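One structure coming up, written as structure tokens, with questions to follow.
Residue numbering restarts at 1 for every chain, and letters A, B, ... go by the order of the sequence lines. Any value given below was found using the heavy atoms of this structure, including those in side chains, with hydrogens, waters and symmetry copies removed. Since the model is a prediction, treat every value here as computed from it, not as a measurement.
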2 protein chains.
Amino acid sequence: MGKKRKDGKKSKSKKKDQTEYTLVDLSPALTQAARSMRTVLSRNLFESGLYAGQDGVILSLAESDGMTAGALAQKLGVKAPTMTRTIGRMEAQGFLERKPDAEDARLTKVYLTPLGRDSVQAIEMAASACDRLATLEFSDKEIRNLVRLLKAIDANLQAEALPLEEPDEE
Amino acid sequence: MGKKRKDGKKSKSKKKDQTEYTLVDLSPALTQAARSMRTVLSRNLFESGLYAGQDGVILSLAESDGMTAGALAQKLGVKAPTMTRTIGRMEAQGFLERKPDAEDARLTKVYLTPLGRDSVQAIEMAASACDRLATLEFSDKEIRNLVRLLKAIDANLQAEALPLEEPDEE
DNA sequence: ATCTTTTAATTAAACATTTTAAGGGGCCGC
DNA sequence: GCGGCCCCTTAAAATGTTTAATTAAAAGAT
């Protein structure tokens, strides 16, 4: 626990214990970058008839078609009703379709339609263009490191965010 | 897209077009990380009576008190009406107060109340705890690089996102 | 075999956030 | 002064999200 100098503005001293200030800067920077990214990406995706948030569903299904609604919700970090809503909207748009599972009738599996499959490329291009713009003068190594760190952050935070049913002892 | 290459080890094949795959991974990773961050941060802030999105206002004012509503909106990347709403809510909560500018009556300047000033520390602690959790096994250098890259991404994207009134010719 | 519990998806209701469009004044150039 | 512009605000609406309750089916127990 280091010293904290919260009164007023951050000192511009360049010391090693500067890390705390750097840390505090992370969440705003991440929030801002994500907001800007979403803004630009939404605009790029709009031409395909897609809204932000739908691209993740299509990309997930492109990876493994036939996921259940619950699995999609968990993977994308939203609650089940949100995913139901999203899937319903996308089904109405013709990007995907629901089919009951043959073995377990409780499950609803989601499959890409041809239109949905076509949109994969559009999404990847939009995301790629957006990412390229975002990382204009970055080196490949920087980008790789960035993605790696972001995924690590997500993993760290999700470990805390999840309710984590730990059977204390039995 | 036929090939599913989700194993995350995209660096196996070293081709030129490989960068696209790495790039495509950035926006989902950024989105997910930001979502997880917001979830955890909201939970930490909730105890202070603050909702997500309000912390940025308070931190901005802590840096330079008396910002105008428009300046806050621009700094935080939201539209003016959003900021009006946010400020109104926070004023009702007692975190800040509006005062008309003495020189320019059009401007509304926003100042922290003592309660708002007190919450600065709570916010910084919450953000710090969240950031620390997110970057558990990161080195200082990694964190610094991460913040630097995130800010660069934001700058790159905002340059594009802004309407940028260039009167080339009509 | 039947009853109870658990799991999955949905629906319903509510709420937060944000945006566009429009309104109300104050400032400044002419 | 007058017109245009800028800043904040209000109003209406879209989007996204959550919790709670409902329906249906599988799994397990008696």
B:Q74 atom CD is separated from D:dC6 atom P, nearest whole Å, by 14 Å
One should read off an interatomic distance between B:R35 CZ and B:T31 OG1, to the nearest 0.5 angstrom, of 8.0 Å
Looking only at heavy atoms, the pair that brings A:A126 and A:L45 closest together is CB-CD2, 3.8 Å
As a check of understanding: the bend across the helix from C:dA1-D:dT30 to C:dC30-D:dG1, end axes from five pairs, rounded to 10 degrees, works out to 10°
Collect all protein-nucleotide pairs involving nucleotides 12-17 of chain C in which both atoms are nitrogen or oxygen and the distance is under 3.5 Å.
residue: C:dT17; atom: OP2; partner: B:R89; partner atom: NH2; Å: 3.4

From CG of B:L107 across to C1' of C:dG25 the rounded distance in Å is 12 Å
Heavy-atom closest pair (A:K109 atom, A:G66 atom, distance to 0.1 Å) is CD-O, 3.5 Å
Here the distance between atom P of D:dG16 and atom CE of A:M90, to the nearest Å, is 11 Å
Separation between CD (B:E91) and OG1 (B:T86), nearest 0.5 Å, reads 12.5 Å
- Given D:dC7, is OP1 or OP2 found less than 4.0 Å from the side-chain N or O atoms of B:T108? no
On DNA chain C, more 5' by nearest nucleotide between A:A71 and B:M83 is A:A71
Could you tell me whether A:A69 contacts a base, only the sugar-phosphate backbone, or nothing, with contacts defined as non-hydrogen atoms closer than 4.0 Å?
sugar-phosphate
5' to 3', nucleotides 21-29 of chain D under a 4.0 Å protein heavy-atom cut-off (B base, S sugar-phosphate only, - none) gives ----BS---
In whole angstroms, the gap separating P of D:dT9 from CG of B:L72 amounts to 11 Å
Nearest-nucleotide check on DNA chain C, B:G77 vs A:T84; residue mapping nearer the 5' end is A:T84
Atom CG of A:D101 and atom C1' of C:dT7 are separated, to the nearest Å, by 14 Å
Heavy-atom closest pair (B:V110 atom, B:D65 atom, distance to 0.1 Å) is O-OD1, 3.7 Å
- prompt: Are A:L136 and B:L30 connected in a single hydrophobic cluster, I mean Ile/Leu/Val/Met/Phe/Trp/Tyr linked by side-chain heavy atoms less than 4.5 Å apart?
  reply: yes
What one should report as the nearest heavy-atom pair of A:A69 and A:M83 is O-CG, 3.5 Å
Residue set satisfying side chain to side chain donor-acceptor pair (under 3.5 Å) with A:K99, at least two apart, ordered chain then number -> none
(Q) Is it the case that the side chain of B:T68 and the backbone of B:T108 share a donor-acceptor pair, with hydrogens and angles ignored and the cut-off at 3.5 Å? (A) no
Under the criterion side-chain hydrogen bond (donor to acceptor under 3.5 Å, both in side chains), I'd like the reasoning laid out for A:S128 against A:R132: C-alpha separation, chi angles, the key distance, then a yes or no. CA-CA 6 Å; A:S128 179; A:R132 221 180 320 250; 2.7 Å; yes
Across all chains, not counting sequence neighbours, the side chain to side chain donor-acceptor pair (under 3.5 Å) partners of A:E142 are B:R148
Sequence neighbours excluded, the answer for side chain to side chain donor-acceptor pair (under 3.5 Å) partners of B:Q54 is B:Q93
Taken to the nearest whole Å, CG/A:L50 to C1'/D:dT15 is 15 Å
Rounded to whole Å, CZ of A:R38 lies from C1' of D:dA14 at a distance of 13 Å
Note: for A:V78 and B:R98 on DNA chain D, the residue whose nearest nucleotide lies more 5' is B:R98
Please classify the nucleic acid contact of A:T68 as base, sugar-phosphate, or nothing, using heavy-atom distances under 4.0 Å.
sugar-phosphate
